[in-house]
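Below is one structure; the comments refer to it alone.
Residue numbers start from 1 in every chain, and the chains themselves are labelled A, B, ... in the order their sequence lines are given, proteins ahead of strands. It should be emphasised that the depicted structure is a prediction, and the values quoted were computed from it without experimental measurement. What's counted below: heavy atoms across the whole structure, side chains too, no hydrogens, waters or symmetry copies.
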There are 2 protein chains.
Amino acid sequence: MSTEGSSESGKTGSAGESAVDVVVQQIRNLIATSKLKVGDHLPTERDLCAQFNASRNTVREAMRILKAYGLVDVRPKIGATITDNRMTRAFELFSFNTMEISRKTFSDVQDFRSLVEVGSADLFFDRLRQEDLDDLSEINAKLAEIHDLNEASEIDYAFHMRLVSILDNHAVLDVYAVMKPVILRIMQKGKTRRIFKTETFSEHQGVVDALAARDRLAFQYRLRSHLMIGFRFFSEEMEESA
Amino acid sequence: MSTEGSSESGKTGSAGESAVDVVVQQIRNLIATSKLKVGDHLPTERDLCAQFNASRNTVREAMRILKAYGLVDVRPKIGATITDNRMTRAFELFSFNTMEISRKTFSDVQDFRSLVEVGSADLFFDRLRQEDLDDLSEINAKLAEIHDLNEASEIDYAFHMRLVSILDNHAVLDVYAVMKPVILRIMQKGKTRRIFKTETFSEHQGVVDALAARDRLAFQYRLRSHLMIGFRFFSEEMEESA
DNA sequence: TAGGTGTTTCTTGGTCCAACAAATAAAGAT
DNA sequence: ATCTTTATTTGTTGGACCAAGAAACACCTA
């Protein structure tokens, strides 16, 4: 209901839908109306062709989309079965290490994080407890023992996740959970193990110190600097897509 | 988590991988080795067929996957261009179904919206253009002609969506898109058609006026009040424990 | 006869080919 | 400069074949 097939146009139900998109929607409706649950079988491709009056290639392309979305699992000679790997797929989207995070994505996400983390300073100080400070320091300390970038970014992410958890806002936590893959890649951008162990570590510690000292301005300044520091890796890059 | 374990494509060798998976990998490599950036064009389907020695259907199915992953945007006659909508796709996958609107949920979501909308006041005034004000007024005017609550909340949502669109931040827009079902339900909570036509309308207009007058304090005060006003409907309501 | 075994046939997804339609960018004509 | 034609490219269709698993079947043995 909320998502359409592949077109990202804002219009819903306009006439510009391709046949593949139509079939995608029809299959989703079929799943919904037939109350198919995880593990149930979908009709064969050829049956779907007849049912939706579409060619087999069209049905196959629709299946590819549903498969990419993690909604069906199709195996040769077995057929298509309903699954729910959406979360897994969401994380796999960013396993495409071949492509760099675009500057726009980087900028948008970091601005958003800055908005949430820096903008909630007052709330942080209202709710802050000693336990929070201890946890943050403990997490940050793990940066000293990292072995690779993945491990480092996981710790970096855990630090910020623990920080926003102070807000006790489930909506924010959910959003951060979904954005995790993007955030991880952003954190790794241009960094080395050494940078994580030295610069990132001390930036985090500065934030924790400011929290402990109840120094609102220092907290905001240091956190914002920490979030925006990655911009230097985009210094000369220029891209302008209409 | 990165490369190892997707369902069907474990081996990077020759056996076991379908031709479509191979082409997907080849296109990924092409993007990487050619250093293609967002906005650049991919070769035509037929070129890719020749280049990878695959049939056109295979290339098309591979393209569907990349499109579903938000890595390419293919338009008829134009061809495929590199994009980076992976985060949008991730949010689409997430698409948590409308949960029960508890007082806690209401509080969390409205706090979050307040954080984003009220907290971005400076950015709003930086980027604001006359066109934005006109659109906001135009959208708000539609509240006068509503027929039911669904229609009213859609317009209310569209108003706030248009507001945050001024920020030109894709991450924020994606988050709002995902939260739409929850936001709609929150907007309807305790309201009547009359309230939408009178109170909500004038609250919106007050926000627009404050924007037009470049009155930052009035903007923040009115917007925050508007977002928090629904709390009165939870005043006496009891809700079961978490 | 009952039960297990090996063979055959059928089904199904995976791939390829050859068309045609629609849309649009580019070249050509006026 | 504007309109028209052409050519290119994606979208879609239908058909064909293959390989591998499933299912049905025949067969043999105890």
For this session: Would you tell me if any nitrogen or oxygen in the side chain of R64(A) comes within less than 4.0 Å of OP1 or OP2 on dG13(C)?
Result: no

Exercise. Can a cation-pi geometry be assigned to K191(B) and F196(B), taking NZ or CZ under 6.0 Å from the six-membered ring centre and within 45° of the ring axis?
Worked result: yes

For this session: May I have the distance from D47(A) (atom CG) to dT11(C) (atom P), rounded to whole angstrom?
Result: 11 Å

For this session: Please determine which of D111(A), V175(A), V172(A), N169(A) meets the side-chain contact (heavy atoms from CB on, under 4.5 Å) test together with V116(A).
Result: V172(A)

Problem set entry | Any side-chain donor near an acceptor of the partner, Q110(A) and R113(A), under 3.5 Å | yes

Exercise. Side-chain N or O of R75(A) less than 4.0 angstrom from OP1 or OP2 on dG13(C)?
Worked result: no

Exercise. Quick one: OH on Y157(B) to OH on Y176(B), what's the gap to the nearest 0.5 Å?
Worked result: 9.0 Å

Exercise. Nearest-Å distance, CD1 (I65(A)) to P (dT12(D))?
Worked result: 10 Å

For this session: Could you tell me the separation between the CD atom of E61(B) and the C1' atom of dG11(D), rounded to a whole number of Å?
Result: 14 Å

Problem set entry | Value in whole Å for how far the P atom of dT15(C) lies from CE of M63(A) | 15 Å

For this session: Report yes if at least one side-chain N or O of R60(A) is closer than 4.0 Å to OP1 or OP2 of dT12(C); otherwise report no.
Result: no

For this session: Check whether the side chain of R46(A) and the base of dG13(C) form a donor-acceptor pair under 3.5 Å.
Result: yes

For this session: Find the distance H41(A):NE2 to dG21(D):C1' and express it as a whole number of Å.
Result: 13 Å

Exercise. Has T58(A) got a side-chain N or O lying under 4.0 Å from the OP1 or OP2 atom of dG11(D)?
Worked result: no

Exercise. With a 3.5 Å cut-off and just heavy-atom distances, do the side chain of N57(B) and the base of dG14(C) make a donor-acceptor pair?
Worked result: no

Exercise. Roughly, in whole Å, what's the span from CG in N53(A) to C1' in dG14(D)?
Worked result: 13 Å

Problem set entry | Nearest-neighbour nucleotide for the E45(A) side chain, dT13(D), dG13(C), dT9(D) considered | dG13(C)

Exercise. Rounded to the nearest Å, what distance is computed from the CZ atom of residue F52(A) to the P atom of nucleotide dT13(D)?
Worked result: 13 Å

Exercise. Do K77(B) and dT8(D) have a side chain to base donor-acceptor pair shorter than 3.5 Å?
Worked result: yes

Problem set entry | Nearest listed nucleotide, side chain of I78(A), among dT12(D), dG14(C), dG21(D) | dG21(D)

For this session: Take the angle between the ring planes of H226(B) and H160(B) and call it parallel below 30°, perpendicular above 60°, tilted in between.
Result: parallel

Problem set entry | Donor-acceptor pair under 3.5 Å, R56(A) side chain vs dG14(C) base | yes

Seminar exercise, completed: The residue, A19(A) or P76(A), whose nearest nucleotide of DNA chain D is more 5′ is A19(A)

Exercise. Please give, in whole Å, the distance from dG11(D) P to D73(B) CG?
Worked result: 10 Å

